[in-house]
Structure formats: structure tokens, C-alpha cells
Amino acid sequence: MTSKVTINPITRLEGHGKIEVFLDDKGNVEDAYFQVVELRGFERFCIGRPAEEMPRIVPNICGVCPTPHNMASTKALDDLYGVEPTPTAKLIRQLHLNAFYVEDHYVHFFFLAAPDFVVGPDSDPALRNVVGLVNKVGIDIGGKVIDVRKKCREIIKLIAGKPCHPEGGLPGGVPRGITEEERKWIKETADYSVEFARFALEIFKQAVLDNKEYLKLVLSDAYKLNTYYMGLVDENKRVNFYEGKLRVVDPSGAEYALFDYRDYISHIGEWVEPWTYIRLTHLKKIGWNGLHDGKGTSLYRVGPLARLNVAEGMLTPLAQKEYESMYDTLGGKPSHHTLAYHWARLIEALQAAEHLQRIADDPLLTSKDIRNMDLKLKRRGIGCLEAARGTLIHHYETDERGIITKVNLIVATQHNAAPISLSVKKAAQAFIKGPEVKEGLLNMAEMAFRPYDPCLACATHALPGEMPLIVNIRDKHGDLIRSVQRD
Amino acid sequence: MAKLKLALYWAAACGGCDVAVLDINEKILDVAKLADIVFWPIALDFKYHHVEAMPDKSVDVCLFNGAIRSSEQEHIAKMLRSKSKVLVSFGSCACFGGIPALANLTTRAEIMERAYIEAPSNENPNKTLPQTKVSVPEGELTLPELYDNVLTLAQVVPVEYFVPGCPPTVDLILKVVNALATNSLPPVGATIASDKTLCDECDRKKEKKMISRIYRTHEIIPDPERCLLEQGLLCMGSATRGGCGALCVKVNIPCRGCFGPPAGVFDQGAKLVSSIASIYQTNGKQDIEKMVNELVDPAGTFYRFGMSVSMLKRRIPQKT
């Protein structure tokens with residue numbers, strides 16, 4: 001008899017998601033499917049819209065990570081109109097993006113990920129949340145996270161009006177400049193963010209690395225996946241969120257490809273399965289060969305750990321030190337340890353904070369030269385950057401008036417969708433034995449997808465501090481045998 | 001006063017409305033003092049048991065965001081209606097259809113075709129489309145069915161209040177919280193936002209200037225002090241309810257109407273057309289044609305957030 005375990009909800013980007021785990025008659029995990037259960041059709045309904053409106057429409061793909069969509073779209077407009085943004089416009093865009101990285105990475109880490117480690121993966125679910133975290137560590141982390149988030153979102157508001165739905169983003173520039181007065185408080189926020197970033201890494205070290213049991217968990221096979229990795233790197237092959245070339249490394253860490261993202265179609269294929277609304281990306285030249293890792297896989301991962309794996313180093317000095325220390329502990333590069341995504345995320349937040357400082361100190365930041373009006377419509381534009389959760393590609397084509405005729409979007413959770421299925425399957429195989437699934441073990445399985453930062457997670461976990469989860473165990477006729485539930 | 005039971009839920013939305021609730025920052029602690037959150041948006045199909053188990057009218061207030069575009073979303077909206085004393089249509093998607101309702105300009109079949117067959121990076125030799133029921137070796141997997149039409153919450157169930165915005169602003173959210181705390185909710189059916197237009201609350205200088213051309217946002221650098229519409233940019237301010245704080249306009253970007261039509265206005269697009277007509281300098285038919293040509297995407301601009309409640313409602317699918 002096959003039983004079915006449903007983990008729902010799990011994630012969303014273009015909609016909602018769930019995970020179905022099938023058990024065999026001995027109660028061992030046979031397979032797992034990560035399903036995205038909604039499609040909103042941006043790629044169709046954006047047809048007919050003026051291209052310059054796209055940066056205002058696409059943030060609605062995801063209100064949790066709207067900034068990267070707004071900016072990938074704006075970069076696609078630069079390409080569409082064959083225009084380079086002015087140096088000041090580029091600084092302001094990067095200010096916006098890095099401010100977003102700081103707040104987004106921390107909300108994820110502290111409200112979603114950290115409770116597992118600091119409070120304990122199989123502790124009482126009622127305590128395994130941000131309140132439990134505060135009690136355990138004994139300081140007001142919650143207040144500090146709210147504070148750093150608020151300050152960074154003030155920067156986004158200044159530049160783009162609405163943090164949840166950034167406005168503006170014009171080919172060749174930005175709609176609003178920065179004044180000297182504003183520079184002052186931006187600098188204060190940048191300094192505060194760096195200080196907070198170092199504090200966050202210290203907490204991670206104390207809570208996870210100094211705890212042998214947790215470190216063992218991080219390094220265990222249950223949370224390991226041998227895949228390729230993809231991410232943007234600059235000309236020195238350092239982590240860059242805003243620009244560069246896409247680099248892919250193979251599971252041994254050797255460079256597999258380094259390419260201009262405008263050529264993404266030669267490298268990335270999207271496979272359609274009838275059981276999910278999400279298209280499953282893979283390395284096109286290897287070809288789709290199903291959901292497996294290791295030898296022969298065509299799957300790659302994106303996001304914080306992937307970005308560090310594909311790069312030769314970080315953009316900023318303090319983050320570079322942390323990068324070196326991470327790979328020392330993990331036993332070299334690349335690291336296939338999925339739980340190390342959390343660590344990589346904190347190192348990236350430090351880079352983002354240091355980059356904010358650098359931008360805040362740049363004399364060009366307050367120049368009035370914020371728009372390059374030398375536009376020449378090319379009718380095809382591709383924009384790419386690193387969203388917090390991974391590589392994001394917007395590809396537009398237009399008619400001779402700049403009205404959209406075609407849209408193709410590849411979003412972070414797409415790249416990670418197949419690996420998420422595999423990660424959950426592996427963890428479930430390690431921890432779920434038989435239909436009597438204990439809550440703590442269930443959480444251990446859930447911990448396998450949390451590192452990918454399933455999108456809505458950060459939005460919905462601030463108050464209850466936990467991801468609500470229902471597991472239904474069914475026989476093969478779909479009749480419910482048992483239900484495990486926690487909020 | 002006993003603590004209120006509060007539910008938050010999301011249907012076809014982006015999650016921004018939920019994030020907006022977090023944007024009240026430290027005041028979220030006041031909400032926690034005032035109310036027990038018995039339900040936070042996240043699950044869809046498998047939260048049925050949880051919602052079903054609640055007695056009718058046991059939830060004091062449900063803030064429901066997102067439009068309705070699948071059978072399951074309709075089902076859960078009806079369920080939450082019966083469980084809640086007060087149902088609030090929260091955010092532009094729930095109130096007007098929002099950006100997801102731009103899908104009403106197309107069809108489900110076209111959306112599927114584009115996403116799974118045509119997209120240039122697809123590798124789909126067998127032209128596979130996602131199915132509502134699929135057999136895999138280990139058993140059966142299901143997906144919800146999508147509607148052709150994106151609906152507002154109030155088109156599916158009766159709603160007590162409307163809170164517009166993409167997303168609703170912190171001030172509005174606090175206004176709602178405060179009304180709950182002091183038991184001073186407005187009459188049923190009210191929209192909790194300004195009754196004025198965005199133009200009424202915009203600081204930009206209006207000089208009663210006529211325009212002879214409509215510009216697209218990438219075509220000009222507007223003066224930061226002057227009315228955007230009077231500079232030829234299509235700003236929806238005169239046809240849009242105020243209450244947002246003119247956030248877009250403050251970053252030199254024209255309004256796209258996310259707060260919906262102002263009090264007393266039935267159709268937002270029609271209202272804007274009348275504003276443009278009164279400001280556009282025309283000397284005969286030729287100029288009118290020129291103006292029409294300059295309006296490159298009237299449906300997608302005038303009803304950017306309001307297709308579901310517009311006179312248009314949707315594009316009539318062509319019979320094949």
C-alpha cells in the first residue's frame with residue numbers, strides 16, 4: 001500500500017506550492033513532488049502593455065521580492081532601448097537592491113530559519129519561533145530585526161515610492177535622485193546594517209557552529225545535494241547581485257559555463273511536467289533527465305550558497321573573510337550542504353551592507369545626472385540579476401512602438417523547484433520512517449526546503465514565527481489515515 | 001474587552017498585502033495585544049480542515065487579500081465568509097481585481113499556450129500541459145483548476161468593508177486596527193480610505209495648462225514640482241481615490257490608480273477619459289485621432305488595477 005504525505009503549504013512565487021511525499025508499504029519514503037499550484041499568466045497578460053510600464057507591473061509577481069523583479073525589468077528596458085544608465089542612476093539602483101537584500105535576508109534568517117537552530121530542530125513547536133529565539137538568546141533580536149528592516153525599507157521608499165510594489169525604473173535611469181541631506185541618513189543606515197550583519201554572523205557561530213550536534217546536521221547526507229550551481233559574477237568572478245556574467249560550476253566546482261545572460265536560451269531549458277504549474281529549469285546542453293542529483297544530473301541550484309559556490313570571492317572585505325571561514329568549516333568548495341544556504345545568506349547580507357556603505361560614500365550618489373535619454377528601440381531586451389533567492393531573468397520583445405509582444409520570465413524558485421523536491425525527498429527518507437510521523441521529524445524534513453527561502457515564508461512568519469504545516473497521511477485510495485498538524 | 005479573533009488570508013495575490021501588514025513594524029505588537037491571530041494567510045487547499053473546524057461567525061474580523069481565480073479560492077472565500085463576522089476586502093486585488101485581473105484581457109487557454117508551449121526556453125517536445133489530475137508511479141497528484149475570469153472578493157461573497165491599495169498603506173492599516181480597537185467601524189459597505197481624489201491630496205502645482213501631446217514615462221524628464229498630467233504624462237490621480245500619500249507621484253512617476261475609483265465614480269477609465277478630454281487641446285478630428293494614437297494601451301492603463309470592476313470586465317474570447 002502506498003501512503004501519501006502532504007506538506008502544505010510550502011512556497012510560492014508564481015503562486016502557491018505544496019509537497020507530496022509518497023510512502024511505500026513499509027512506510028519508507030518512495031518519492032516526493034514539489035508542486036506549484038497556481039499560475040497567474042504574467043507572460044501572457046503583459047502582451048499589449050507598453051514596455052516602460054513593465055517595471056510597475058512585474059513587482060506583483062511577488063510582493064515579498066518585488067525589488068528584484070522591478071530591477072530585472074528595468075535592466076531589460078535598458079537593453080531594449082540600447083542604453084546604459086548614468087553612473088549615478090546605477091548607484092541608486094544598487095542602493096535600492098542592496099537595501100532590499102539586507103532586509104529580506106534578515107527577515108528570512110531570524111524569523112524563519114534561526115528558530116530551528118537556536119531553539120532546536122525538534123523542540124516544542126510552540127517555542128520554536130522568534131519569541132523562543134529571543135528567550136533563548138536573551139536579547140531583543142526581534143526588535144533589532146524590525147529596526148534594520150524598517151530603516152532599509154525607508155531607503156526603498158525614498159527611491160521607489162512603495163517598498164511592496166516599487167515604482168519607477170526607467171530605461172537609462174531612475175526617476176528620482178538623492179540629496180545630500182538624504183545621503184546622511186542613508187549612511188547611518190548602512191553603518192547600522194554592517195554592525196547588525198556582524199552581530200548576526202556572531203549569533204550564527206554561537207548557535208550553530210559551536211554546537212557539535214547542529215554542525216553534524218549541517219554536514220549530514222540528509223541535507224546534501226550534488227548539483228551544478230548558477231549565479232552572476234563580476235569580471236573578477238566575485239559575487240555580484242546587480243550585474244555580470246552568469247557562471248555555472250559543476251558538482252566538483254569546476255567552471256562548466258560562463259556566459260552573457262542575453263544568451264540564456266542556449267544554456268537554460270525549461271521542462272514541463274503535467275503535475276506542476278512551474279516550469280522546471282535544467283542545463284539545456286546536458287538535457288532534461290529527471291529529478292536526480294549526482295552523476296549525470298542536469299539540475300543546478302541558485303540562491304545564496306549557489307552564488308558563493310560559483311564565485312571566487314566576495315565583493316567586499318569583511319564578507320570575504322567570512323566567505324573563507326565558511327568554506328574552511330564546510331570542507332572546501334563547492335559546498336553541497338543545503339543548510340549552508342543559511343550561512344551564505346548571512347555572508348551575503350554583510351556584503352550588501354558593506355556595499356551600501358560604499359555607495360553612501362560615493363560622491364556621485366547625489367549627482368543630478370540620473371537619466372540617459374539616448375534611447376534607441378531595439379525591440380528585444382533581456383535583463384538579469386540576482387534576486388535574493390537566485391537568478392532572475394526577464395526577456396521582452398516589442399513591436400516598433402515599444403509595445404510588448406512577447407515575455408519570458410525565469411524566476412529563482414523555478415531553478416530551485418526540482419532541487420527542492422529532491423532535498424525534501426532525501427531529508428524525508430532520512431527522518432520519516434513509517435506512517436507515525438513525529439512532529440519534530442516532520443520539521444527536520446521541512447528544514448530541507450527552508451534554506452531555499454520559499455518565498456512567502458518571510459512574509460508570513462513574523463507573527464506566529466513558524467510555518468503552518470499539515471501532513472495528511474493517506475492510503476492509496478486517498479482516504480485519510482492520520483493527520484499531523486501544527487501552526 | 002475580550003481579545004478579537006483575527007484572520008488574514010490571501011487568494012490570487014503577490015503576498016505584498018501580507019508584507020504590508022508587517023510594515024506597521026513595531027505597532028504589530030499593539031495588534032498582538034488587541035487580537036489573537038487565529039489564521040494567517042498561507043495555505044489554500046489543505047487548510048480546509050482547519051477552517052472547517054471553526055464554528056460559524058467565530059472569527060471577528062477577516063482581512064482577505066487577493067482576487068478569486070480558481071475554484072478553490074472561491075470555495076475558501078465562501079468558507080471564510082461564513083466563519084467571519086466581518087469580512088474585509090483588503091487590497092486592490094480583492095477590491096478591484098488588481099494586476100492579476102489583467103488576465104481578463106486574455107484567456108486561460110492563451111495563458112497556458114504561452115507559458116508551456118511557446119516560451120522560447122521551453123523544452124516541451126510532447127506539448128505537455130499541467131493537468132488537474134495526474135497519475136505518477138506512486139499515486140495521484142492534483143492541481144486546482146484555473147478560471148478564465150479573475151473576480152473580486154465581493155463578486156463572490158458579501159463583504160462588509162473595502163480597504164484599497166497596492167498594497168494598503170501603513171496609515172490605512174492602522175486606521176482599520178484603530179477602528180477595531182475602539183469598536184468604531186464605519187457603516188457596512190464603506191471604503192476605508194479618503195473620499196477625495198488623489199489630485200486633491202497631491203502637492204504638485206496645477207496651472208490649468210492644456211496639453212497638446214501625451215508622453216510615455218520614458219520620453220520626458222518631468223518637472224518635479226508641476227502636475228504630471230499638465231506635463232503630458234498620463235497620471236490617473238483625478239480618477240483615483242486618495243489616501244495613499246501620493247507615493248508614486250513623489251518619485252516623479254504618474255499614478256496608475258491602485259486605490260480604485262473615488263467615491264461616487266462608477267468607472268475609473270471613463271472618469272480619466274473625461275479628465276484627458278478636458279485638458280487635451282483639440283482643433284478638430286485630426287487632433288482627436290492624434291490623441292487616441294498617443295494613448296497606446298488604454299485598457300491596460302485605465303484599468304491597471306480595476307479590470308474586474310470596470311465596465312469592460314474582460315475581453316470577450318473569440319470563438320474559434
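Just so we're on the same page: letters track the sequence lines, and every chain starts at 1.
Contacts between B:Pro224 and chain A at a heavy-atom distance below 4.5 Å are absent for every atom of the residue. Contact of A:Val407 with chain B is made through the backbone alone, with heavy-atom distances under 4.5 Å. At a 4.5 Å heavy-atom cutoff, the contact between B:Leu129 and chain A is made by backbone atoms alone. Only the side chain of B:Cys258 comes within less than 4.5 Å of a heavy atom of chain A; its backbone N, CA, C and O stay farther away. Residue contact with chain B, scored on non-hydrogen atoms closer than 4.5 Å, involves the backbone of A:Ile268 exclusively. Residue A:Ile393 does not touch chain B at all, counting heavy-atom pairs closer than 4.5 Å. Using a 4.5 Å cut-off between heavy atoms, A:His267 makes no contact with chain B at all. Contact annotation for A:Pro50: both backbone and side-chain heavy atoms come within less than 4.5 Å of a heavy atom of chain B. Heavy atoms closer than 4.5 Å to chain A are found in the side chain of B:Phe305, but not in its backbone. In this structure, chain A has heavy atoms under 4.5 Å from both the backbone and the side chain of B:Val251. Proximity to chain B is limited to the side chain of A:Ile410, based on heavy atoms less than 4.5 angstrom apart.
Contact count against chain A (heavy-atom pairs under 4.5 Å) is highest for B:Pro254 among B:Ala299, B:Pro254, B:Gly245, B:Gly98. Annotation: maximal heavy-atom pairing with chain A below 4.5 Å, among B:Pro167, B:Ala115, B:Ala119, occurs at B:Ala115. Counting heavy-atom pairs under 4.5 Å between each of B:Val134, B:Ile111, B:Ile99 and chain A puts B:Ile99 at the top. In terms of heavy-atom pairs under 4.5 angstrom with chain B, the leader among A:Lys284, A:Glu167, A:Arg49 is A:Arg49. Heavy-atom pairs under 4.5 Å with chain B were tallied for A:Arg371, A:Arg401, A:Lys406, A:His165; the largest tally goes to A:Arg371.
Of all the heavy atoms in B:Asn252 and A:Pro175, the pair that sits closest is ND2-O, 2.9 Å. The two atoms that bring A:Phe45 and B:Pro100 nearest to each other are CE2-O, 4.1 Å, heavy atoms only. Looking at every heavy atom in both residues, B:Arg216 comes nearest to A:Tyr81 through NH2-OH, 4.4 Å.
From B:Leu102, atom CG reaches atom CZ of A:Phe42 across 8.0 Å, with rounding to the nearest 0.5 Å. The NE2 atom of B:His218 sits 6.5 Å away from the CG atom of A:Leu375 when rounded to the nearest 0.5 Å. In this structure, the separation between OG on B:Ser121 and CD1 on A:Ile265 is 5.5 Å, given to the nearest 0.5 Å. Distance check, rounded to the nearest 0.5 Å: CZ of A:Arg279 to CG of B:Asn124 gives 10.0 Å. Annotation: the span from A:Leu170 atom CG to B:Ile220 atom CD1 amounts to 11.0 Å, rounded to 0.5 Å. For the atom pair CZ (B:Arg304) and CZ (A:Arg56), the distance works out to 6.5 Å, reported to the nearest 0.5 Å.
Counting heavy atoms from C-beta on, the side chains of A:Asn60 and B:Cys166 come closer than 4.5 Å. B:Ile253 places none of its side-chain heavy atoms less than 4.5 Å from the side chain of A:Arg176. Inter-residue side-chain proximity for A:Pro274 and B:Tyr116 is flagged as unmet; no heavy-atom pair is nearer than 4.5 Å. Residues B:Pro120 and A:Tyr264 are in side-chain contact: their nearest non-hydrogen atoms beyond the backbone lie under 4.5 Å apart.
If you run side chain to side chain contact (heavy atoms under 4.5 Å, CB included) between B:Asp23 and each of A:Lys162, A:Lys150, A:Arg149, only A:Arg149 comes through. The only member of B:Glu113, B:Arg114, B:Arg108 that meets side chain to side chain contact (heavy atoms under 4.5 Å, CB included) when paired with A:Arg44 is B:Arg114.
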Take A:Glu52 and B:Thr217 through the test side chain to side chain donor-acceptor pair (under 3.5 Å) and record every step on the way to the result. CA-CA 7 Å; A:Glu52 71 278 8; B:Thr217 47; 4.7 Å; no
Kindly indicate, with the supporting measurements, whether the criterion salt bridge (Lys or Arg N to Asp or Glu O under 4.0 Å) is fulfilled by B:Arg256 and A:Glu53. CA-CA 10 Å; B:Arg256 283 292 171 264; A:Glu53 295 289 320; 2.8 Å; yes
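Atom NZ of A:Lys151 has more than 12 neighbouring heavy atoms from other residues, nucleotides or ligands inside a 6.0 Å radius.
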